[in-house]
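Beneath this line is the structure, given in structure tokens, with notes to follow.
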There are 2 protein chains.
Amino acid sequence: MAAPAEKHDVFKAIADPTRREVLRLLSENERPISEITSHFSMSRTAVTKHLQILAEADLISGRKEGREKIYQLHPEPLNEVKQWLSYYEKFWSNKLSMLKNLVEED
Amino acid sequence: MAAPAEKHDVFKAIADPTRREVLRLLSENERPISEITSHFSMSRTAVTKHLQILAEADLISGRKEGREKIYQLHPEPLNEVKQWLSYYEKFWSNKLSMLKNLVEED
DNA sequence: ATAATATAACACCTTTTGGTTTTACGTCAA
DNA sequence: TTGACGTAAAACCAAAAGGTGTTATATTAT
């Protein structure tokens with residue numbers, strides 16, 4: 001039970017450059033919406049929508065502190081992308097993946 | 001010069017589940033459009049559009065062979081995603097990234 | 001109490017996405 | 001050469017994405 005409601009998957013969430021930049025900002029520090037908005041040339045309303053999409057993918061969460069809402073990063077869902085990617089590593093030449101294949105095969 | 005025309009970035013390309021499934025199919029074998037289409041419950045035209053988006057991100061390419069167009073995987077652009085992800089690995093606990101941090105810090 | 005601040009909630013608009021159907025064009029086989 | 005096959009191209013459509021501005025609500029400072 002308790003369906004996780006994950007309306008937006010992480011792949012869609014990171015598809016947008018603005019949202020990737022938000023993640024980078026929050027990787028430095030948790031920040032209130034107004035401060036996040038100040039880094040972009042779009043309205044606070046637009047930024048809020050991006051924040052909601054990121055939150056629905058569980059990549060960030062916000063807590064209310066006084067009149068501010070402070071968002072922080074939760075990078076764990078990126079693990080899904082990492083795992084998806086790992087499948088393809090064996091298809092492009094790369095020192096690390098070649099090493100891995102050497103170990104895994106045989 | 002010779003601007004690479006990369007109209008669709010790889011993040012957008014992999015955001016769609018259908019396109020990720022196409023990549024998986026092509027990782028097994030190069031395939032003509034009709035065969036790719038047979039794996040989905042949508043029109044060939046729709047699949048072709050997904051193929052174009054993947055091709056614009058340089059993730060696949062198609063060659064014409066007789067009356068068929070055969071697509072094959074080129075996973076190299078996924079490296080951009082891998083590199084982007086690697087920045088965030090230090091933020092979630094993971095045995096490998098913990099080891100890496102141990103080596104890098106101090 | 002009042003005014004400024006920070007966010008939330010709406011209503012609205014435009015562009016892109018993801019899909020359809022229809023028509024046309026090469027290619028191959030009979 | 002006639003027809004079937006595989007694709008390409010175009011017109012069209014609904015819904016989602018990405019943005020705007022306005023209004024409302026809660027909180028803090030004066």
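Naming: A, B, ... by sequence-line order, numbering from 1 per chain.
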Check your understanding: Which of these nucleotides, C/dA8, C/dT5, D/dT20, is closest to any side-chain atom of A/Arg67?
Key -> C/dT5

Review point. Considering only C/dA8, C/dA6, C/dG18, which nucleotide approaches the side chain of B/Asp16 most closely?
Key: C/dG18

Revision key, fill the gap. Separation of D/dT25 atom C1' from A/Lys69 atom NZ, nearest Å, is 14 Å

Check your understanding: Is B/Ser43 touching bases, backbone alone, or none of the nucleic acid, heavy atoms closer than 4.0 Å?
Key -> base

Check your understanding: Just how far, in rounded Å, is P of C/dT15 from NZ of B/Lys12?
Key -> 16 Å

Exercise for review: Whole angstrom is fine here: how far is it from CD in A/Gln52 over to C1' in D/dG18?
Suggested key: 13 Å

Exercise for review: Indicate whether OP1 or OP2 belonging to D/dG19 is found under 4.0 Å from a side-chain N or O atom of A/His50.
Suggested key: yes

Exercise for review: Could you tell me how the ring of A/Trp84 sits relative to the ring of A/Tyr88: parallel (under 30°), tilted (30 to 60°) or perpendicular (over 60°)?
Suggested key: tilted

Study note, to complete from the structure: Among the nucleotides C/dT20, D/dT20, C/dT7, whichever has the atom closest to the side chain of A/Thr45 is D/dT20

Check your understanding: Closest approach of B/Thr37 and B/Met42, non-hydrogen atoms and distance?
Key -> CG2-O, 3.7 Å

Practice item. Could you check how far CD of A/Glu56 sits from C1' of D/dA16, rounded to whole Å? Key: 13 Å

Exercise for review: Tell me which nucleotide among D/dG19, D/dT7, C/dT7 gets nearest to the side chain of A/Ile33.
Suggested key: C/dT7

Check your understanding: 5'-most contact on DNA chain C: A/Lys49 or A/Ile70, nearest heavy atom basis?
Key -> A/Ile70

Review point. To the nearest Å, how far apart are A/Glu65 CD and C/dA6 P?
Key: 14 Å

Check your understanding: Looking only at heavy atoms, what is the nearest atom pair of A/Leu26 and A/Arg31, with distance?
Key -> CD2-N, 3.8 Å

Point to revise | Side chain of A/Glu68 (C-beta onward), nearest among C/dT7, C/dT27, D/dT20 | key: C/dT7

Point to revise | Whole-Å distance separating the CZ atom of B/Phe40 from the P atom of C/dG18 | key: 13 Å

**Study point:** B/Ala13 versus B/Ile53, closest heavy-atom pair with distance
**Key:** CA-CG2, 4.3 Å

**Study point:** Whichever of A/Val47 and A/Gly66 has its nearest DNA chain D nucleotide further upstream toward 5'
**Key:** A/Val47

Practice item. Calculate the interatomic distance between A/Lys64 atom NZ and C/dA6 atom C1'; express it in whole Å. Key: 9 Å

Practice item. Side-chain contact test, heavy atoms from C-beta onward, threshold under 4.5 Å: evaluate it for B/Arg44 versus B/Ile33 and give yes or no. Key: yes

Exercise for review: Measure from CD1 on B/Ile53 to C1' on C/dT16 and round the result to the nearest Å.
Suggested key: 10 Å

Check your understanding: Between B/Tyr71 and A/Met42, which is nearer to the 5' end of DNA chain D once each is assigned its nearest nucleotide?
Key -> B/Tyr71

